[in-house]
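Just so you know, these numbers use all the heavy atoms, side chains as well, and skip hydrogens, waters and symmetry mates.
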Amino acid sequence: MKILKEFNKMKIEFNEAEKANKLRKEEHNRKFEQLRKESEEQSTRVAQRFQIIRNK
C-alpha cells in the first residue's frame, strides 16, 4: 500500500512537471514567433532604406 501511495505521488509530480514543460514550450514558441516577426519587419525596413538610398 505504501508503494502504491508513493507511486501515485510520483505520478502526480510527473504530471505537474509535464504541464510546466508544456507551458514553458508554449511561451518559448510565442517568444520565438514574436522575434521572427520583429526580425522580418526590421529586414523589410532595412531593405526599404537601401532602396531609397539607391534611388537617390
Quick check for you: to the nearest 0.5 Å, what is the distance between [X] atom [atom1] and [Y] atom [atom2]?
{"X": "Phe50", "Y": "Asn55", "atom1": "CZ", "atom2": "CG", "value": "13.5 Å"}
{"X": "Ile53", "Y": "Arg49", "atom1": "CD1", "atom2": "CZ", "value": "9.0 Å"}
{"X": "Arg45", "Y": "Gln42", "atom1": "CZ", "atom2": "CD", "value": "6.0 Å"}
{"X": "Lys31", "Y": "Gln34", "atom1": "NZ", "atom2": "CD", "value": "9.0 Å"}
{"X": "Arg36", "Y": "Glu41", "atom1": "CZ", "atom2": "CD", "value": "10.0 Å"}

**Qualifying salt bridge (Lys or Arg N to Asp or Glu O under 4.0 Å) pairs, either residue in residues 3-29, two or more places apart** =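 The answer is Glu27-Arg30.
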**Request:** Please confirm whether the backbone N or O of Glu40 pairs with a side-chain atom of Thr44, one donor and one acceptor, at under 3.5 Å?
**Result:**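 Looks like yes, one N/O pair under 3.5 Å.
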**Item:** CG (Leu4) with more than 12 external heavy atoms under 6.0 Å
**Value:**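 Atom CG in Leu4 is crowded, with more than 12 foreign heavy atoms closer than 6.0 Å.
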**Message:** Among residues at least two apart in sequence or on other chains, which ones pass salt bridge (Lys or Arg N to Asp or Glu O under 4.0 Å) with Glu38?
**Reply:**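 Counting only residues at least two positions away or on another chain, Glu38 forms no salt bridge (Lys or Arg N to Asp or Glu O under 4.0 Å).
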